[in-house]
*Asks:* 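Structure incoming, see below.
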There are 2 protein chains.
Amino acid sequence: MGGERRDRRVVRSRRLLQDALMALVLERGYAAVTVQAVLDRADVGRATFYAHFTGKEALLLSIFEELRESIHRELAGITPATVARFGEGVGLLQPLFAHAAQHRRLYRALLGSRDGAALLHSLHEMLAAPLREHLEAAIAHHRRPLTAQVDLVVTAYVSAVLGVLVWWLEADLPYTPQEMDRVIERLMSLGMGRALGLHSDMGAPAPGWEGEEAPVDRTRDHNRELRRAARAPGPHGVDR
Amino acid sequence: MGGERRDRRVVRSRRLLQDALMALVLERGYAAVTVQAVLDRADVGRATFYAHFTGKEALLLSIFEELRESIHRELAGITPATVARFGEGVGLLQPLFAHAAQHRRLYRALLGSRDGAALLHSLHEMLAAPLREHLEAAIAHHRRPLTAQVDLVVTAYVSAVLGVLVWWLEADLPYTPQEMDRVIERLMSLGMGRALGLHSDMGAPAPGWEGEEAPVDRTRDHNRELRRAARAPGPHGVDR
DNA sequence: TGAATACCGAACGACCTGTTCAGTATCGCC
DNA sequence: GGCGATACTGAACAGGTCGTTCGGTATTCA
């Protein structure tokens, strides 16, 4: 968005820096790459770098911005309506895993070690936002106002997906993207439907867990208890 | 293990440094803490620091080693046998969430931002190892040799748990540890049992997803295809 | 008490960061 | 084609961190 950058020198410098970072990340891993090294590799002046990016991470994210568009393009074919029906083989995740497979060297370098935190967080939001959005719509349609649990369920789902994605990359893609999509859907859909009170087709239409009282009250009490406990710790203390 | 450190000066220095790091992490976050700051806060010589730890992260992990023992102690009451029966309210996760609640300030500081990568990884293994171990035993008992999928399921489960744990901490503990345990169990158990072919009490005893052929063969072919595609990228290339 | 050893403190070189500035090259556009 | 605008260069800057070294001092163990 806002993509009109006319001056060739600008695009050239940016691309040189991005390519240099990519190469160095693949060679040494993100954490081990220094701005200085990027400068040397790209053969770009120090001042120029800081004229374009605020630092190493900004450069990384600028690269990922292109990947984001790429993912978005691939995901465009999937309408929000499709997300709802978990019980059927939707293939929501297939594009994600396919994209990761295509760019697997970069994904591995960025997600594998601890450097991936920023990227993982970005991916998390990228998946969580539309999912949450649609789940809330679906719930409203079924007239079940359980918004708090939606966050929890979405978090669990996206965390599981990304965890499995990393595992899958490090295991050298033992299954196809299609298979990954199916096994994850198979793993998660039942429980998600149950937790959200959807899936009326299922045997158990969600009894329990917030059962007898409103969770808010018990929650507040619980927090107070914990805070009290934390303020007056034992002999050797907790949370020191 | 190997715990005999007799010289008081040693334990004093280590504790001073650990406490200083803890305090600074709570104040500024792990990434913003510098070795120099720890030295100043602990009032310990630079040389002394490097006599004990190889760097900032080693110091952090030495702190977490104590938490690890603490978690291990709490988890000790839960026999591996208990882990199997997902369908019942086991409470496997309750100690984890309780421990996180007790130490929530530290957990939040360490897990919240991107600094937590090392710690999350450590926690991941801590949870995954016994779970994997027991699931394999359970599967062997049911005579289903599906070892490859165990890794995937364990990864998904642990990732979901840790993701939700972070969410729960940042949402300021909206539920009790017991509730968290129950909702996660409710969310995950059905699908896990289904994916592993356990849960014979369920309606669907796991048909599908690895259906018609052995997954290994299709897998190998798939990998070869992907590798070929990656070596001969399009005009502007993928995974550049 | 005496020998072992952990600590101090100061200094070291090496590295990285982010900013500045005058001079030069390249660009977009009329 | 040419001109004004703009991006880049290159070098230097101060400020910071890191990990190591060393002789001298203090504490501890036995």
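All heavy atoms count here, side chains included; hydrogens, waters and symmetry mates do not. Sequence lines set the chain letters: A, B, ... in the order given, protein chains first and strands last, and positions in each chain run from 1. Owing to the predicted nature of the structure, the values given are computational and were not obtained by experimental measurement.
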*Asks:* So Tyr157(A) and Leu131(A), do their side chains get closer than 4.5 Å, heavy atoms only?
*Replies:*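 Touching, per the 4.5 Å side-chain cut-off.
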
*Asks:* Are Arg182(B) and Gln94(B) close enough that a side-chain donor and a side-chain acceptor fall under 3.5 Å?
*Replies:* no

*Asks:* Under 4.0 Å between a side-chain N/O of Ser13(A) and OP1 or OP2 of dA7(D), yes or no?
*Replies:*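 Answer no for this pair, as no side-chain N or O of Ser13(A) is under 4.0 Å from OP1 or OP2.
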
*Asks:* Do the side chains of Met192(B) and Leu187(A) get nearer than 4.5 Å, heavy atoms only?
*Replies:* yes

*Asks:* What is the distance from NZ of Lys56(B) to P of dC18(D), rounded to the nearest Å?
*Replies:*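 Distance check: Lys56(B) NZ to dC18(D) P gives 8 Å.
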
*Asks:* Does some side-chain heavy atom of Leu152(A) sit less than 4.5 Å from a side-chain heavy atom of Tyr175(B)?
*Replies:* yes

*Asks:* Please tell me if the side chains of Arg41(B) and Glu27(B) come closer than 4.5 Å, counting only heavy atoms from C-beta onward.
*Replies:*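 SC-SC contact between Arg41(B) and Glu27(B) confirmed.
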
*Asks:* Quick one: Asp40(B) CG to dT17(D) C1', roughly how many Å, whole number?
*Replies:* 12 Å

*Asks:* Less than 4.5 Å apart, any side-chain heavy atom of Thr176(B) and any of Phe97(B)?
*Replies:*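 The answer is no; the side chains never approach within 4.5 Å.
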
*Asks:* To the nearest 0.5 Å, tell me how far Leu111(A) CG sits from Leu162(A) CG.
*Replies:* 8.0 Å

*Asks:* A side-chain contact here means heavy atoms from C-beta on lying under 4.5 Å apart; do Tyr107(B) and His99(B) qualify?
*Replies:*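 Yes; the side chains approach each other to less than 4.5 Å.
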
*Asks:* Does any non-hydrogen side-chain atom of Glu179(B) lie less than 4.5 Å from one of Val183(B)?
*Replies:*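 They are not in contact (no side-chain heavy atoms under 4.5 Å apart), so the answer is no.
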
*Asks:* Using heavy-atom distances to pick each residue's nearest nucleotide on DNA chain D, tell me which of Val33(B) and Ala47(A) is more 5'.
*Replies:*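 Comparing both residues, the 5'-ward one is Ala47(A).
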
*Asks:* Under 4.0 Å: is that the gap between some side-chain N or O of Thr48(B) and OP1 or OP2 of dC8(C)?
*Replies:*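 Answer yes for this pair, as a side-chain N or O of Thr48(B) is under 4.0 Å from OP1 or OP2.
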
*Asks:* Between dC18(D), dA7(D), dT17(C), which nucleotide gets closest to the side-chain atoms of Val10(A)?
*Replies:* dA7(D)

*Asks:* With a 4.0 Å limit, can you tell me whether His52(B) has a side-chain N or O closer than that to the phosphate oxygens OP1/OP2 of dA6(C)?
*Replies:* no

*Asks:* Taking the side chain of Arg6(B) as heavy atoms from C-beta outward, which of dC18(D), dA30(D), dT17(C) is closest to it?
*Replies:* dA30(D)

*Asks:* For Phe49(A) and dA7(D), give me the distance from atom CZ to atom P, rounded to whole Å.
*Replies:*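 Taking atom P of dA7(D) as the reference, CZ of Phe49(A) is at 17 Å.
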
*Asks:* Taking side chain as C-beta onward, heavy atoms only, is Arg14(B) less than 4.5 Å from Val10(B)?
*Replies:*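 Of all side-chain heavy-atom pairs linking Val10(B) with Arg14(B), at least one is under 4.5 Å.
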
*Asks:* From dT21(D), dC29(D), dT17(C), pick the nucleotide closest to the side chain of Arg8(B)?
*Replies:*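 Given the options dT21(D), dC29(D), dT17(C), the side chain of Arg8(B) is closest to dC29(D).
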
*Asks:* Starting at CD of Glu57(A) and ending at C1' of dC16(C), how long is that distance when rounded to a whole Å?
*Replies:*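 Going from CD in Glu57(A) over to C1' in dC16(C) covers 17 Å.
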
*Asks:* Could you state the atom-to-atom distance from CG of Asp7(B) to C1' of dA3(C) in whole Å?
*Replies:* 13 Å

*Asks:* Strictly below 4.0 Å: does Thr34(B) bring a side-chain N or O up to OP1 or OP2 of dC18(D)?
*Replies:* yes

*Asks:* In this structure, how many angstroms lie between the C1' atom of dA25(C) and the CZ atom of Arg12(A), rounded?
*Replies:* 11 Å

*Asks:* For the pair Lys56(A) (side chain) and Val38(A) (backbone), establish whether a donor and an acceptor sit closer than 3.5 Å, ignoring hydrogens and angles.
*Replies:* no

*Asks:* What dot-bracket string describes DNA chain C from 5' to 3', counting Watson-Crick and G-U wobble pairs whose defining distances are under 3.5 Å, with [ ] for crossing pairs and | for pairs to another strand?
*Replies:* |||||||||||.|||||.||||||||||||

*Asks:* Check whether any side-chain N or O of Tyr50(B) sits under 4.0 Å from OP1 or OP2 of dG19(D), and answer yes or no.
*Replies:*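 Yes, Tyr50(B) has a side-chain N/O under 4.0 Å of OP1/OP2 on dG19(D).
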
*Asks:* If you restrict it to nitrogen or oxygen atoms, what contacts under 3.5 Å exist between nucleotides 23-27 of chain D and the protein, and what is each distance?
*Replies:*
residue, atom, partner, partner atom, Å
dT27(D), O2, Arg9(B), NH1, 2.7

*Asks:* What is the separation between atom CD on Gln36(A) and atom C1' on dC15(C), rounded to the nearest whole Å?
*Replies:*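 Those two atoms, CD and C1', are 9 Å apart.
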
*Asks:* Please list each protein N or O that sits under 3.5 Å from an N or O in nucleotides 11-13 of chain C, with the distance.
*Replies:*
none

*Asks:* What is the distance, rounded to the nearest whole Å, between atom CG of Leu39(B) and atom P of dG19(D)?
*Replies:* 11 Å

*Asks:* Should Arg108(B) and Asp172(B) count as an ion pair when the cut-off is N to O under 4.0 Å?
*Replies:*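 Judged by the 4.0 Å cut-off on N to carboxylate O distance, Arg108(B) and Asp172(B) do form a salt bridge.
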
